[in-house]
Amino acid sequence: MDFIIQGTLQAVEALYHTELKESDINLQETRKEFEGEVTIVTFPLTRISKKSPEQTGNEIGEYLQKNLPHIAGFNVIKGFLNLSLTSQYLIGNFRNIISKDGFGTFPANGKKIMVEYSSPNTNKPLHLGHIRNNLLGYSVAEILAASGYDVIKANLVNDRGIHICKSMLAWQKFGNSETPQSSGMKGDHLVGKYYVIFDKEYKKQIDELKAAGQTEEEAKKNAPLIREAQQMLQKWEAGDEEVIGLWKMMNGWVYEGFDVTYKKLGVNFDKYYYESDTYLLGKDIIDEGLAKGVFFRKEDNSVWIDLTSDGLDEKLVLRGDGTSVYITQDMGTAQLKYDDFKMNESIYVVGNEQDYHFKVLFLILEKLGKSWAKGMYHLSYGMVDLPSGKMKSREGTVVDADDLIEEMIDTARQRTEELGKVEGLAESEKENLYRMIGLGALKYFLLKVEPKKRLLFDPNESIDFQGHTGPFIQYTHARIRSVLSKANVTSFDFDGLNAITPTERELILALGRYPEIIAASAKAFSPAEIANYAYELAKLYNKFYHEEPILKVEDTEIKNFRLSLSNVTAAIIKKSMNMLGIEVPERM
RNA sequence: GGACUUGUAGCUUAAUUGGAUAGAGCAUCUGACUACGGAUCAGAAGGUUAGGGGUUCGACUCCCUUCAAGUCCA
């Protein structure tokens, strides 16, 4: 629509003798209750025209109609100049879309970007909160790749620490050598089971100590189990063979379990980092910061940074005994990542409870003069809560990832069988379809909402399969593919076509928006924008489908045009959904 | 104590970043040539955009304030 902006600039110059910038022209889509396709907001121009909004609109409208060949007409309502485009222009627009092989694919922009996501703890299985993280990370990575970035998907696994030792200790004490093989339990679930057992036993001991007269605080510190766990952590840090062996074995179980879940979710990684390798990093950065005068040392030998001039607090970066805090290793890991990949930007997909942490981290790196610090971004997302409140692994109040995925597939199977439209498909094809639909519903449900919003999930209310949902869009795709396969044509010739219906206009305009949608969602790191676009497109197509016959049309050019329109719509739906990590079926 | 985020119809949400009568879906009600696939489409009803004030041609959007929910920092 650039020609309209240019035309308007000319009009303003000719009529009011003022030169404006492109950004001064306010273009928007015309609301569907008014006639036209493109609207210029003329309120801001009245300052220049020194006339009423209506008069300004009329004058510019007349100029444009006279001077631009593709403006068929206009109308003015208050400060809004609505322009109607000619059918020829829109058809030409559509030809443009189909002539480009990679319509909506951006050329490489030469920039490298890392997306770190998932980053699980290895002491428990994944739950719904992790699913949101994984889907967000994967989708953002896909969107960035589509918009021209060279993307590295990274996973920083939290594989050491006191929480892992808790699971290990409980297994050692109460596990009777239970293994995934012996119990038939998925490895991550087995380890998670002992994490819960630890907590239960630990609480018992606390209660006993309290009954014996200790305060809550004392009891928590003195319980034998927590002491043992701490000793185990020390042994681990000292490289004790037995502890390391146990740690490797149990983490191995967890990784096998995670792999299964990741595969089901369809997410993957190019690079794994492990905290057992990185937890000691960052101390050289402390020295660097002290030398540069960015950090300072207190009497107790602890190291701090003063961020009060930036509206934050004083922040501890190294304890008095020389041991790291979280932010120490995060600084070190950030440096490591940069040394490994030299990326221009780095995205951290992490929940909003760590907003403050990342604000501080990025600020510190900037103050240390790291040139790459300005490319860092915390993609913060809201927690997934249940009606009962927050999910807590220790207390077992979580929606388990594997369970939820299975339930979704089951529901898809049930719904599909009720509708009875998949006769003739092989059993394996059916199962694949149920998986596609079930996961499509789940993924769409989680991704259509803006990341930063908190998500309330009610396990008793099943995720919809109708309306604004993944399956709705998948259905639209299947329906189009069905029409196309019935038409059985490979080339769509409509050279002589010169008139189109209002819905066809809308559809062409919507298809044309695809590239800007990708650019916008990449810029905002927001899959939700693509999700909503895919829905609008599907909705619009269904409207078109009901209004206009396709295969039954006599006129072959109209028929070919409509088939072509269907073809492109299906392709763009598919690409959009794939960017969300959602597959679309040929039949359903 | 300080800081951050969120609040839109009964529920789940959108609003081109300051533009028109706040747009959808679910649920409710009504309708669609025995259908190119009804997991669809058309329509009805449902809103003081948490409350109050301000900025201006114009505010869900920006500023101030109160309330509610959540989170973080020693």
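These numbers come from the heavy atoms of this one structure, side chains and all, not from hydrogens, waters or symmetry mates. Note on naming: letters A, B, ... go to the chains in the order of the sequence lines (proteins, then strands), and numbering restarts at 1 for each one.
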Where the side chain of [X] is concerned, which of [options] is the nearest nucleotide?
X        : options                : result
A/Phe80  : B/rC11, B/rG19, B/rA39 : B/rG19
A/Val449 : B/rA20, B/rU13, B/rG37 : B/rU13
A/Leu456 : B/rC41, B/rC11, B/rU12 : B/rU12
A/Leu455 : B/rG37, B/rU13, B/rA24 : B/rU13
A/Thr30  : B/rA20, B/rG37, B/rC4  : B/rA20
A/Lys315 : B/rC4, B/rU40, B/rC73  : B/rC73

Checklist line | C1' spacing across the pair B/rU30 / B/rU17, given as an integer number of angstrom | finding: 39 Å

Indicate, yes or no, whether a donor-acceptor pair under 3.5 Å links the base of [N] to the side chain of [X].
X        : N      : result
A/Thr476 : B/rA39 : no
A/Asn82  : B/rA20 : yes
A/Thr39  : B/rA20 : yes

Margin query: Please classify the nucleic acid contact of A/Glu353 as base, sugar-phosphate, or nothing, using heavy-atom distances under 4.0 Å.
Written below: sugar-phosphate

Can you measure [X] atom [atom1] to [N] atom [atom2] for me and round it to whole angstrom units?
X        : N      : atom1 : atom2 : value
A/Met588 : B/rG38 : CE    : C1'   : 13 Å
A/Phe457 : B/rG70 : CZ    : P     : 20 Å
A/Glu450 : B/rU17 : CD    : P     : 15 Å
A/Glu29  : B/rG19 : CD    : P     : 14 Å
A/Leu27  : B/rU16 : CG    : C1'   : 11 Å
A/Met383 : B/rG7  : CE    : P     : 16 Å
A/Lys448 : B/rU12 : NZ    : P     : 11 Å
A/Arg31  : B/rA20 : CZ    : P     : 5 Å

For [N], take OP1 and OP2 only and decide whether either is under 4.0 Å from a side-chain N or O of [X].
X        : N      : answer
A/Lys543 : B/rA32 : no
A/Lys453 : B/rG7  : yes
A/Arg415 : B/rA39 : no
A/Tyr475 : B/rA39 : yes
A/Lys539 : B/rC41 : no
A/Arg479 : B/rG38 : yes
A/Lys486 : B/rG37 : yes
A/Lys452 : B/rU6  : yes
A/Lys78  : B/rU21 : yes

Note to self: Is the terminal nitrogen or CZ of A/Lys315 (NZ for Lys, CZ for Arg) located under 6.0 angstrom from the six-membered ring centre of A/Trp304 and within 45° of that ring's axis?
What the structure shows: no

Check: Checking A/Arg132 against A/Tyr381: charged group under 6.0 Å from the ring centre and within 45 degrees of the axis?
Finding: no

Margin query: Partner lookup for B/rU34, please. Criteria are Watson-Crick or G-U wobble with both distances under 3.5 angstrom; report none if nothing qualifies.
Written below: none

Notebook entry, point to check: Does B/rU6 pair with anything, Watson-Crick or G-U wobble, both distances under 3.5 Å, and if so, with which nucleotide?
Noted result: B/rA68

Item checked: Base orientation of B/rU28, syn vs anti, 90° cut from 0 -> anti

Notebook entry, point to check: Between A/Phe43 and A/Phe80, what is the ring plane arrangement, given parallel below 30°, perpendicular above 60°, and tilted in between?
Noted result: perpendicular

Notebook entry, point to check: Going by ring centres under 5.5 Å and near-parallel planes (under 30°), is A/Tyr356 stacked on B/rA3?
Noted result: no

Checklist line | A/His130 side chain vs A/His127 backbone, donor-acceptor pair below 3.5 Å | finding: yes

Check: Between A/Tyr535 and A/Gly470, is there a donor-acceptor pair closer than 3.5 Å when you use the side chain of the first and the backbone of the second?
Finding: no

Next item on the list: Supply the atom-to-atom distance A/Leu368 CG to A/Ile305 CD1, rounded to the nearest 0.5 angstrom.
Entry: 6.5 Å

Note to self: Does the protein touch nucleotides 55-60 of chain B at the base, only the backbone, or not at all? Give it as B, S and - per nucleotide, heavy atoms under 4.0 Å.
What the structure shows: --B---

Item checked: Side chain proximity check, A/His163 to A/Lys124, heavy atoms < 4.5 angstrom -> no

Check: Is any side-chain heavy atom of A/Leu136 closer than 4.5 Å to a side-chain heavy atom of A/Asn133?
Finding: no

Check: Between A/Tyr377 and A/Phe525, does the ring centre distance come in under 6.0 Å?
Finding: yes

Check: Can you list every pair that meets side chain to side chain donor-acceptor pair (under 3.5 Å) and has a residue in residues 440-452 of chain A, with sequence neighbours left out?
Finding: A/Tyr444-A/His468

